[in-house]
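Below, chains carry the letters A, B, ... as their sequence lines are ordered, and counting in each starts from 1.
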Number of protein chains: 2
Amino acid sequence: MASIEGLAAIEPYDVFARSCPSRPTLEHVTGRWGGLVLGVLASRPLRFNELRRRVDGVSQKILAQTLQALERDGFVHRELISTFPLRVEYSLTPLGRSVADRLVALFAHLESQMPAVLAAQHRYDERVGR
Amino acid sequence: MASIEGLAAIEPYDVFARSCPSRPTLEHVTGRWGGLVLGVLASRPLRFNELRRRVDGVSQKILAQTLQALERDGFVHRELISTFPLRVEYSLTPLGRSVADRLVALFAHLESQMPAVLAAQHRYDERVGR
DNA sequence: CAGCATCCTTATCGATACTG
DNA sequence: CAGTATCGATAAGGATGCTG
């Protein structure tokens, strides 16, 4: 499992390396909107405007391009329902779910720790003088 | 633990809400550099320029302001060692470690799934015509 | 070594208008 | 409804030079 000390691990992908192909994908997942989109889709499949309402603050343009990136990475499935008016349903793929579950856990943890975070911020601001 | 169906949860913090105080903190943690900084600090405490080398691609300016945000949120401890030349050691607080562990798990998962991601990207590009 | 200040470039984002 | 296209504002980011 562990690599020999002093030798580079023979892991093919490394998010810490600037030009690793995993970097763009990481940014889609942890970027400002990508994570939130995966997070809301973790509860259930949603249509475009439903997503837009749930991910508070995202614009139409940004949501569209976020969804395209996540679809291209294989995290989100886009299903066109040819009714009138047109409907499109977005859902998580199995791969997307495995990622979203971890994100949701992170979000929940952060939310639960917010009192500690706010306290730390307050202490910091006191210390440096606002 | 769970809230009653149909009633809004009485959770004080919600990352999906635009003006929730947890949003900025979430962005520090999942932003382009914050997550990577927490990720490398998860292995061991590091000095400024060590961090800079490990988080491949980050500039001095951005690293400094990323560290300030993480310190203010209470995730990172900054220790000034008054030698000459000056040294500063950055380490995780217990709170920071709880977050970093989850991030590292997410990174490892993403790295392990990169073959599937690249395959999905390829399929997508085929389908739409590059 | 660690990091602030300045300038300047570039990417991101949001608003608006329009299409299938 | 679910987008695309275009434009302009704003913020993020990089390069350089300087300080304790």
If you fit an axis to the five pairs at each end of the helix from dC1(C)-dG20(D) to dG20(C)-dC1(D), how big is the angle between those two axes, to 10 degrees?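 About 60°, once rounded to a multiple of 10°.
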
In terms of side-chain geometry, is the basic nitrogen of R72(B) or D125(A) positioned less than 4.0 Å from the acidic oxygen of its partner? yes

Could you tell me whether R87(A) and E50(A) have a side-chain N and a carboxylate O separated by less than 4.0 Å?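 No, R87(A) and E50(A) are not salt-bridged.
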
Counting only side-chain nitrogens and oxygens, does Y90(A) get under 4.0 Å of the OP1 or OP2 atom of dC1(D)? no

Flag the pair V99(B) / F75(B) as yes when at least one side-chain heavy-atom distance between them is below 4.5 Å, and no otherwise. yes

Is any side-chain heavy atom of V104(A) less than 4.5 Å from a side-chain heavy atom of L38(A)?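 No, side chains not in contact.
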
Which nucleotide span of DNA chain C, 5' end to 3' end, has atoms closer than 4.0 Å to non-hydrogen atoms of chain A? dC13(C) to dG20(C)

If the sugar-phosphate is the primed atoms plus P, OP1 and OP2 and the base is the rest, what is the B/S/- string for nucleotides 15-20 of chain D, using protein heavy atoms under 4.0 Å? B-B--B

Nearest heavy-atom pair of P21(A) and Y13(A): which atoms, and what distance?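 What the structure gives for the nearest pair is CG-CE2, 4.0 Å.
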
Looking at every non-hydrogen atom in both residues, tell me the closest pair between L95(A) and D73(A) and how far apart they are.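 For L95(A) and D73(A), the tightest heavy-atom pair comes out as CD2-O, 4.0 Å.
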
Relative to the 5' end of DNA chain D, which residue comes earlier, L67(A) or Q65(B), by the nucleotide with the nearest heavy atom?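 Closer to the 5' end of DNA chain D: L67(A).
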
Which residues in residues 15-50 of chain B have a heavy atom closer than 4.0 Å to any atom of DNA chain D?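 Heavy-atom contacts with DNA chain D come from R32(B), W33(B).
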
Does atom NE2 of H122(A) have more than 12 heavy-atom neighbours, drawn from other residues, nucleotides or ligands, at distances under 6.0 Å?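 Counting neighbours around NE2 of H122(A), 12 or fewer heavy atoms of other residues, nucleotides or ligands fall under 6.0 Å, so no.
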
Please name all residues satisfying salt bridge (charged side-chain N to carboxylate O under 4.0 Å, His left out) with R32(B), sequence neighbours left out, ordered by chain then number.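 Only E27(A) meet the salt bridge (charged side-chain N to carboxylate O under 4.0 Å, His left out) criterion with R32(B).
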
Salt bridge (charged side-chain N to carboxylate O under 4.0 Å, His left out) contacts in which one or both residues fall within residues 93-104 of chain A, not counting sequence neighbours: R97(A)-D101(A)

